[in-house]
Participant: 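Below is the structure I would like to discuss, written out as structure tokens.
Since the structure is predicted, the reported quantities are computational estimates derived from the model, not experimental observations. When a ligand or atom number is given, it counts from 1 through the structure's own listing order.
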Amino acid sequence: MIAMDERSPDHAWWQRGVIYQIYPRSFQDSDGDGIGDLAGIERRLDYLVALGVDAVWLSPIYPSPMADFGYDVADYCDVDPIFGDLAGFDRLLAAVHARGLKLILDFVPNHTSDRHPWFEESRASRDSAKRDWYIWRDPAPGGGPPNNWISDFGGPAWEWDGATGQYYLHAFLKEQPDLNWRNPQVGAAMREALRFWLDRGVDGFRIDVLWHIVKDAAFPDNPLNPAWTPAMTERDKVLQLHSTDQPEAHAISADFRALADGYGGKVLIGEIFLPNDRHARWYGTAERPQVHLPFNFQLIECAWNAAGLRRTIAEYEASLPRFGWPNWVIGSHDAPRIAARLGEAQARVAAMLVLTLRGTPTLYQGDELGIGEVPIPPERIRDPQHFRQPHLGIGRDRSRTPMPWDASPFAGFSAVEPWLPLNPDWPRRNVANQAGDPGSMLALYRRLLGLRRAHPALSVGSLHLLEAEDEVLAYERRAGDERLLVALNLGSAPRRLPLPTDAAIDETVGTTLVDPSTGPELAPDEGRIVRLARAR
Ligand code: GLC
Ligand code: MG
């Protein structure tokens with residue numbers, strides 16, 4: 001079932017490797033329109049090689065009106081002119097492969113753009129051949145939307161269409177109508193889109209909001225959430241019991257997997273936000289597997305303290321099916337920046353954590369520079385999530401700002417003012433500057449990625465959580481004869497380095513500090529990796 005690999009016969013590339021998410025609008029502009037593009041990404045591939053990642057996941061590059069910046073797809077089998085064209089895509093893919101990297105595309109099956117020809121045909125009349133490709137319902141008996149479902153971006157999940165006198169469902173923006181996956185033609189058309197890219201040679205897909213794709217056929221009201229407060233999003237007013245995570249969606253997920261397995265060596269990653277028990281079901285079974293990696297966002301969501309992290313890791317590991325490979329995500333184009341959340345010192349610890357846990361890490365562009373909070377002046381806000389619920393401060397622009405490459409005008413990202421502002425400290429916090437500074441976040445990421453590559457214990461070894469003092473998270477990674485201890489000080493006081501009773505320190509392998517430390521104490525905010533020897 002698992003694709004074999006020439007270097008490590010027991011593990012596939014997506015198990016050993018590290019995934020790096022590129023938000024194409026903000027990586028590198030090549031044509032001077034202030035928006036990143038495919039040719040820009042191609043120009044920067046050597047940066048990724050030097051960084052030491054293995055696979056690149058691109059957020060959507062398809063033709064799109066950009067109501068949700070590409071997550072509103074108007075054609076699944078082409079490239080938006082903002083980003084380039086299919087020939088440019090083929091060049092990029094060849095350049096990625098020439099460097100031994102893999103390329104993962106974003107696949108958005110839950111909804112299309114309202115400007116996709118399928119939806120235009122669907123909304124044209126009630127008798128349209130594609131009417132049933134989307135989810136149309138009559139008003140509730142007393143008038144108004146068919147049920148109480150709420151869009152993830154706030155407001156009702158139903159939009160009235162006066163011309164045909166029905167509502168259509170949209171789990172996100174009204175410009176993103178939900179497809180009807182109960183109609184087999186939809187699945188057939190979407191699998192064709194997957195084949196289009198797999199035939200071109202892409203190495204896999206990250207599947208957008210996979211747990212959303214099927215809804216309860218009876219469309220009952222969702223239960224109200226008793227814990228809701230006005231500080232929470234509108235979406236959280238209800239529990240998405242009937243609008244997400246339906247049993248039928250798992251069969252579709254298994255079909256995606258069967259299709260990908262027909263090619264061999266591909267990876268499917270599912271975007272899934274659910275508690276562990278329901279999350280783990282998206283692996284499927286050994287006989288009928290689903291996605292290889294249901295994305296695990298718990299490092300983004302859980303409180304940052306040793307006891308909480310320890311419990312999170314233990315419970316996640318325990319929830320995995322026997323054949324399920326773990327994974328950890330540290331940042332994304334949707335989440336606040338890790339350095340904004342934790343501060344720079346703990347962001348360094350977080351880097352060591354995500355790169356030494358068991359399971360495939362996914363890094364997000366710019367986190368390797370420690371980009372923190374980026375204030376977005378009101379007139380430059382672009383994210384539709386902000387405009388739907390401005391009072392909540394959940395705009396995602398602050399995590400989507402352009403990569404600062406150097407100290408030249410517009411940080412080497414573009415020849416013109418970029419579509420979103422740069423991080424205010426870009427003249428200092430940029431790739432060129434950090435590349436030459438051993439104390440920088442970038443240098444730390446490179447060291448850690450190098451260690452992960454050099455030590456199978458870190459990439460594919462077993463994981464053993466240790467007891468430790470307050471504020472210290474510690475675990476061992478083991479492969480073959482090698483035993484590595486990872487100890488992370490999440491606090492601002494020095495702490496004793498915990499040691500398993502049967503082991504002694506052999507040597508320090510890595511530290512988040514600039515000057516390697518070897519003493520028996522962890523400095524404040526220090527993460528350290530040591531090789532263990534058997535105690536005499
Ligand atoms: C996913 C994407 C997010 C997008 C949403 C709707 O959560 O990561 O950016 O807005 O799906 O497609
Ligand atoms: Mg451009």
Side-chain angles (χ1 to χ4, degrees), residues 21-44 57-62 64-74 76 79-85 88 92 104-114 116 151-154 157 169-179 205-213 233 235 240 243-244 269-274 294-295 297 300-301 329 331-336 362 364 382-389 394-400 402-403 410 412-420:
Q21 180 189 358
I22 286 184
Y23 194 66
R25 294 182 72 86
S26 296
F27 199 62
Q28 174 68 58
D29 179 23
S30 74
D31 59 357
D33 63 356
I35 301 175
D37 43 54
L38 299 188
I41 296 171
E42 192 182 333
R43 248 178 62 197
R44 293 295 185 183
W57 149 36
L58 300 183
S59 276
I61 56 168
Y62 314 109
S64 165
M66 303 286 167
D68 193 20
F69 295 111
Y71 285 95
D72 47 325
V73 178
Y76 288 93
V79 172
D80 194 282
I82 287 182
F83 297 127
D85 55 21
L92 172 63
I104 299 167
L105 288 185
D106 214 308
F107 177 55
V108 189
N110 179 68
H111 45 265
T112 68
S113 162
D114 62 344
H116 195 295
S151 152
D152 275 30
F153 289 147
L169 181 72
H170 58 93
F172 296 89
L173 298 175
K174 67 174 169 41
E175 292 84 359
Q176 294 167 296
D178 279 41
L179 284 160
F205 296 94
R206 173 267 192 189
I207 308 178
D208 191 62
V209 296
L210 178 59
W211 86 113
H212 267 270
I213 58 176
T233 64
R235 185 228 12 231
Q240 296 185 321
S243 49
T244 65
I269 304 168
E271 186 199 16
I272 290 155
F273 285 91
L274 286 171
F295 254 158
F297 299 104
I300 293 176
E301 294 172 327
V329 182
S332 82
H333 64 297
D334 295 330
T362 298
Y364 177 58
R382 295 288 176 273
D383 179 22
Q385 177 163 284
H386 165 86
F387 293 116
R388 305 272 310 169
Q389 302 173 86
I394 51 172
R396 301 170 294 181
D397 293 325
R398 57 189 179 167
S399 308
R400 299 175 175 184
M403 276 290 279
F410 309 115
F413 167 74
S414 176
V416 302
E417 179 69 40
W419 74 289
L420 280 177

Participant: Can you name the atoms of ligand 1, numbered from 1 with element, that are less than 4.0 Å from a heavy atom of R396?
Facilitator: 3 (C), 4 (C), 9 (O), 10 (O)
Participant: Quick one about S64 and D80 (side-chain donor to acceptor, distance below 3.5 Å, no hydrogens or angles considered), yes or no?
Facilitator: no
Participant: Contact between F153 and ligand 1, counting heavy atoms under 4.0 Å?
Facilitator: yes
Participant: If the cut-off is 4.0 Å to any non-hydrogen atom of H111, which atoms of ligand 1 fall inside it?
Facilitator: 6 (C), 12 (O)
Participant: Counting the benzene-type ring for Trp, do H212 and F172 have ring centres under 6.0 Å apart?
Facilitator: yes
Participant: Check Y23, F295, F205, Y364 against W57 for a ring-ring contact (aromatic ring centres under 6.0 Å, His included) and give me the one that passes.
Facilitator: F295
Participant: Need the atom name: nearest N/O/S atom of D29 to the Mg ion (ligand 2).
Facilitator: OD1
Participant: Between Y71 and H333, what is the ring plane arrangement, given parallel below 30°, perpendicular above 60°, and tilted in between?
Facilitator: parallel
Participant: Would you say R400 contacts ligand 1, with heavy atoms under 4.0 Å as the rule?
Facilitator: yes
Participant: In the protein, what heavy atom is nearest to atom 7 (O) of ligand 1, and what distance, to one decimal place, separates them?
Facilitator: E271 OE2, 2.8 Å
Participant: For residues Q176 and T112, is any side-chain donor paired with an opposing acceptor at under 3.5 Å?
Facilitator: no
Participant: Nearest 10°: the angle subtended at the Mg ion (ligand 2) by D33 OD1 and D31 OD1?
Facilitator: 90°
Participant: Counting heavy atoms only, name the option from D68, D334, L173 that's nearest to atom 9 (O) of ligand 1.
Facilitator: D334
Participant: Answer side chain, backbone, both or neither: which part of R206 comes under 4.0 Å from ligand 1, heavy atoms only.
Facilitator: side chain
Participant: Can you report which non-hydrogen protein atom sits closest to atom 11 (O) of ligand 1, along with the distance?
Facilitator: D208 OD1, 2.9 Å
Participant: Between F273 and F297, is the ring centre distance below 6.0 Å?
Facilitator: yes
Participant: Determine, considering heavy atoms only, which of F172, F273, F295 sits nearest to atom 5 (C) of ligand 1.
Facilitator: F172
Participant: Is it the case that S414 and D29 place a side-chain donor and acceptor less than 3.5 Å from each other?
Facilitator: yes
Participant: For the atoms O of I35 and OD2 of D37, give the angle they form at the Mg ion (ligand 2), rounded to 10 degrees.
Facilitator: 100°
Participant: Give the atoms of ligand 1, by number and element, whose distance to some non-hydrogen atom of V209 is under 4.0 Å.
Facilitator: 1 (C), 7 (O), 11 (O)
Participant: Would F413 and W419 count as a close aromatic pair, with their ring centres under 6.0 Å?
Facilitator: no
Participant: Would you say Q385 contacts ligand 1, with heavy atoms under 4.0 Å as the rule?
Facilitator: no
Participant: So S59 and Q21, side-chain hydrogen bond (donor to acceptor under 3.5 Å, both in side chains) or not? Walk me through it.
Facilitator: CA-CA 7 Å; S59 276; Q21 180 189 358; 3.1 Å; yes
Participant: Answer with yes or no whether H170 contacts ligand 1, where contact means a heavy atom under 4.0 Å from a ligand atom.
Facilitator: no
Participant: For Q385 and D152, test the side chains for any donor-to-acceptor distance below 3.5 angstrom and give the result as yes or no.
Facilitator: no
